[in-house]
Amino acid sequence: MEIYRAHVLVCTGTGCTSSQSPKIIEEFEKYLKANKLDNEVKIVKTGCFGLCAEGPIVVIYPEGAMYTMVKPEDVKEIVEEHLLKGRLVKRLLAGNKELKDSVKPIEQVEFFKKQKRVALRLCGVINPESIDEYIAFDGYKALAKVLTEMKPEEVIDEIKRSGLRGRGGGGFPTGIKWEFAARSQDTEKYVCCNADEGDPGAFMDRSILEGDPHSVLEAMTIAGYAIGASQGYVYVRAEYPIAVKRLNIAIQQAKEYGLLGKNIFGTDFSFDIELRLGAGAFVCGEETALMTSIEGHRGEPRPRPPFPAVKGLFGKPTLLNNVETYANIPTIIRNGAEWFASIGTEKSKGTKVFAMGGKINNTGLLEIPMGTTLREVIYDIGGGIPNGKKFKAAQTGGPSGGCIPASKIDTPIEYDTLVELGSMMGSGGLIIMDEDNCMVDIAKFFLEFTVDESCGKCPPCRIGTKRMLEILERITGGKGEEGDVEKLEILAKNIKASALCGLGQTAPNPVLSTLRYFRDEYEAHVRDKKCPAGVCKSMLNYIVDEQRCKCCGICARNCPVNCISGQKGVPYKIDQEKCIKCGTCLEKCPFKAIFKNA
Amino acid sequence: MGEQGCCCCGGVDEREKKLQEIIEKYKNTKGALIPVLHEAQEIYGYLPMSVQKKIAEGLNVSLEEVYGVVTFYTQFSLNPKGKYQIQVCLGTACYVKGANQILEKLQEKLGIHVGECTEDGLFSLDGCRCIGACGLAPVIMINDEVYGRLVPDQIEGILDKYRKG
């Protein structure tokens with residue numbers, strides 16, 4: 001084996017790839033060669049480190065120095081200073097100022113301190129396109145243990161005792177799901193992986209598939225053994241080209257190594273995995289719709305029962321878990337159920353991965369022990385709200401979830417507490433909102449999403465959500481009527497009770513939860529025709545502060561509809577009739593003399 | 001994908017040959033329709049009725065079934081796309097960071113709505129659900145190129161880059 005004195009880890013997740021990490025790798029190759037270091041320093045293309053906001057990210061070992069926002073033109077300096085002369089390039093080092101004088105390993109960068117990585121164990125650590133690196137980090141050891149030392153019942157028992165619950169949203173106990181599928185008697189059964197991450201603004205599953213695809217394949221094979229299936233399907237979004245590519249490579253490699261296919265580890269057990277690409281339909285994240293889609297049809301859900309464990313894909317008993325759930329399995333088998341159960345809280349064991357975005361300094365991917373408070377996530381890991389703004393609410397669970405207001409910021413994050421607050425764990429999307437976000441507008445955003453994505457099969461979802469959206473459009477358009485809020489509530493309750501699948505049943509949640517905590521905002525829109533956050537355009541006026549106006553005319557020159565008039569010595573005025581409320585004047589005014597009147 | 005855009009003449013037989021190969025490859029696979037549609041769209045850039053008919057015949061399913069699937073999934077398109085396909089991310093992270101203003105600016109500058117293509121066939125405009133670069137919000141994607149941390153004023157400059165080819 002070749003030994004290298006240093007390793008340069010470059011993130012090749014979607015976020016960093018979008019900000020030029022492939023070019024950075026090319027530059028490293030070029031300059032390492034130019035300095036004759038290519039035999040001493042190895043470049044490793046890894047998955048996501050998590051700190052996407054600071055990307056592209058480069059980490060150099062043995063020091064563990066983390067460089068952020070690296071540009072291709074910085075590479076020459078990193079090679080010549082750090083790798084050749086052993087001097088850190090301080091201006092690019094991650095983290096707080098105090099860290100910049102000495103290198104601390106990346107685990108001590110504030111963003112990582114409170115995290116615990118189980119599902120993301122190898123994301124940002126190994127090259128996801130190399131099965132050897134996965135094996136070097138105990139990969140496929142759990143599968144070997146299961147196939148050679150454990151009976152299927154013992155595997156299921158281990159998962160049950162670990163307390164693992166489904167990470168896709170609902171939080172159903174995974175071991176019990178496996179047991180149901182194992183009990184169904186049939187010659188043919190299937191194991192499916194739900195990688196149709198539909199929540200807009202969530203990228204946990206994608207990062208796992210991009211950063212550590214073998215962990216999912218290993219877990220699915222273990223599941224196949226436990227329930228008695230020999231065929232697996234990964235249903236993955238077509239919008240994730242990098243994940244698809246790496247999954248294909250991983251399946252190929254596993255087959256070459258005899259870790260997929262016939263007689264795995266020389267036992268009688270055979271298992272194969274195929275990919276199926278989604279085609280952009282949110283409802284396909286619902287388990288019955290997902291299976292209908294794999295079968296090649298319109299992804300419409302079916303009524304349950306029969307549950308998939310009895311009659312699922314192609315009419316056969318089927319086990320379906322999501323990516324993150326699977327990613328926990330190998331570690332649970334290796335370290336034991338007790339180890340896993342020791343992390344987290346009484347009813348929510350282990351960790352949860354979140355994709356944090358919106359109005360937060362450290363946008364990115366994080367994994368925390370269950371029970372961590374929202375405050376710790378936002379301020380310690382997330383680095384707080386940008387531009388000194390006030391935290392207003394956190395949205396979890398995407399279009400099926402709800403908003404947690406600032407007053408509940410000390411709530412520990414676990415399945416049941418979030419449901420009590422009217423939200424849900426969801427798959428892990430976590431959108432932070434500040435005082436500039438209008439909660440009625442956010443509710444409308446999610447309703448637009450569900451109306452668009454409703455498959456149309458059942459009327460409560462097809463017609464009901466559309467009616468709700470119309471009311472929200474009226475309210476945000478300044479035409480809200482007395483009684484609209486109450487109508488929304490009635491519709492929401494009826495849709496929840498009568499829709500066919502999870503998508504419809506949870507669609508009203510964003511409205512119900514914002515109504516619960518921000519009813520005053522709805523009422524301000526309806527009664528006073530005002531949007532307190534200054535978002536809903538029809539209720540806004542842009543006004544020139546005559547005291548501050550220096551009569552420079554920049555606003556008038558930039559106005560796209562020429563509705564601002566004035567002249568030297570006379571403060572400018574905006575014609576409210578003509579104004580289209582685009583906000584250009586406010587952006588352009590160098591003297592902050594234009595303000596929004598909400 | 002993307003490069004071939006609208007109906008470019010020539011090579012028609014070549015494309016049909018490829019389509020037949022794809023149908024042949026998947027013929028005996030369970031749930032073949034969606035993978036075949038994906039690959040057919042790679043070849044043609046979109047899925048015109050003539051292509052759907054051939055797929056229906058080849059896989060021995062009704063045209064109604066094929067059309068039903070094509071119109072159900074947003075990834076499949078019945079219309080040709082522009083040479084440069086602009087996708088505006090409308091995921092939650094981008095939305096709270098002003099993706100709507102970016103979209104409005106694009107519609108204004110291109111003179112088309114979402115789902116349409118400019119008359120010269122150069123640009124088509126679509127909204128999409130999260131391309132996963134939330135750290136760079138708000139983002140747009142033009143063919144395979146991602147533009148992040150955008151403000152509306154940058155749009156003109158970006159479009160010009162493509163107009164000049």
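So that the names make sense, note that chain A is the first sequence line, chain B the second, and so on, each numbered from 1. Values below: all heavy atoms of this structure, side chains included; hydrogens, waters and symmetry mates excluded.
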Report the C-alpha distance between B/Ile131 and A/Phe203 in whole Å, list the side-chain angles of each, state the deciding distance to 0.1 Å, and finish with yes or no for side chain to side chain contact (heavy atoms under 4.5 Å, CB included). CA-CA 9 Å; B/Ile131 57 170; A/Phe203 48 94; over 6 Å; no
Begin with the C-alpha distance, continue with both residues' side-chain angles, and end with the deciding distance and a verdict on side chain to side chain contact (heavy atoms under 4.5 Å, CB included) for A/Cys284 and B/Tyr73. CA-CA 10 Å; A/Cys284 288; B/Tyr73 296 97; 3.8 Å; yes
I'd like to know whether B/Leu90 forms a side chain to side chain contact (heavy atoms under 4.5 Å, CB included) with A/Phe449, so could you lay out the CA-CA distance, the side-chain angles of the two residues, the decisive distance to 0.1 Å, and finally the verdict. CA-CA 10 Å; B/Leu90 297 176; A/Phe449 182 90; over 6 Å; no
B/Val96 and A/Ile431: side chain to side chain contact (heavy atoms under 4.5 Å, CB included), yes or no, with the steps? CA-CA 9 Å; B/Val96 300; A/Ile431 304 289; 4.1 Å; yes
Hey, mind stepping through A/Asn437 and B/Tyr95 against side chain to side chain donor-acceptor pair (under 3.5 Å) and telling me if it holds? CA-CA 10 Å; A/Asn437 289 114; B/Tyr95 186 79; over 6 Å; no
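Both the backbone and the side chain of A/Asp441 come within less than 4.5 Å of a heavy atom of chain B. The part of A/Val283 that comes within reach of chain B is its side chain, from C-beta onward, which places non-hydrogen atoms under 4.5 angstrom from that chain. Contact annotation for A/Arg298: both backbone and side-chain heavy atoms come within less than 4.5 Å of a heavy atom of chain B. If you measure heavy-atom distances from B/Leu136 to chain A, the contacts under 4.5 Å come from the side chain alone. There is no contact between B/Leu59 and chain A, counting heavy-atom distances below 4.5 Å. For A/Leu275, no part lies near chain B; criterion is any non-hydrogen pair under 4.5 Å. For B/Asp153, the part lying under 4.5 angstrom from a heavy atom of chain A is the side chain only. With a 4.5 angstrom heavy-atom cutoff, A/Ala202 touches chain B only via backbone atoms. With a threshold of 4.5 angstrom between heavy atoms, B/Glu104 approaches chain A through side-chain atoms but not through N, CA, C or O.
Options A/Arg206, A/Glu587, A/Glu295 differ in how many heavy-atom pairs under 4.5 Å they form with chain B, and the most are formed by A/Arg206. The residue among A/Gly278, A/Gly15, A/Gly198, A/Ala279 with the most heavy atom pairs within less than 4.5 Å of chain B is A/Ala279. Between chain A and the residues B/Lys105, B/Glu108, B/Gln75, B/Met141, the largest count of heavy-atom pairs under 4.5 Å involves B/Gln75. Chain B forms more heavy-atom pairs under 4.5 Å with one residue of A/Cys52, A/Gly357, A/Ser18 than with any other, namely A/Ser18. Note: A/Ser293 leads A/Gly55, A/Cys16, A/Gly398, A/Ser293 in heavy-atom pairs under 4.5 Å with chain B.
Going from atom SG of B/Cys130 over to atom CD of A/Glu197 covers 7.5 Å, rounded to the nearest 0.5 Å. In this structure, OH on A/Tyr233 lies 6.0 Å from NZ on B/Lys30, to the nearest 0.5 angstrom. In this structure, CG in A/Leu365 is found 10.0 Å from SG in B/Cys134, a value given to the nearest 0.5 Å. One finds the CD atom of A/Glu239 at 6.5 Å from the OG1 atom of B/Thr74 (value rounded to the nearest 0.5 Å). Note that NZ of B/Lys97 and CE of A/Met433 are 13.5 Å apart. Values are rounded to the nearest 0.5 Å. Atom OG of A/Ser19 and atom CZ of B/Arg149 lie 6.5 Å apart (nearest 0.5 Å).
Side chains of A/Glu300 and B/Phe72 form a contact here, defined as non-hydrogen atoms less than 4.5 Å apart.
Looking only at distances, a side-chain donor or acceptor of B/Thr92 sits under 3.5 Å from a matching main-chain atom of A/Pro200.
The local environment of CG in B/Asn60 is sparse, with at most 12 non-hydrogen atoms from other residues, nucleotides or ligands closer than 6.0 Å. Heavy atoms of other residues, nucleotides or ligands lying less than 6.0 angstrom from NZ of B/Lys18 number 12 at most. More than 12 heavy atoms of other residues, nucleotides or ligands lie within 6.0 Å of OH in B/Tyr147, so this atom counts as buried by the packing criterion.
With respect to A/Glu453 and B/Arg129, a salt bridge is recorded, a charged nitrogen being found less than 4.0 Å from a carboxylate O.
Of all non-hydrogen atoms in B/His38 and A/Ala238, the two that sit nearest each other are CE1-CB, 3.7 Å.
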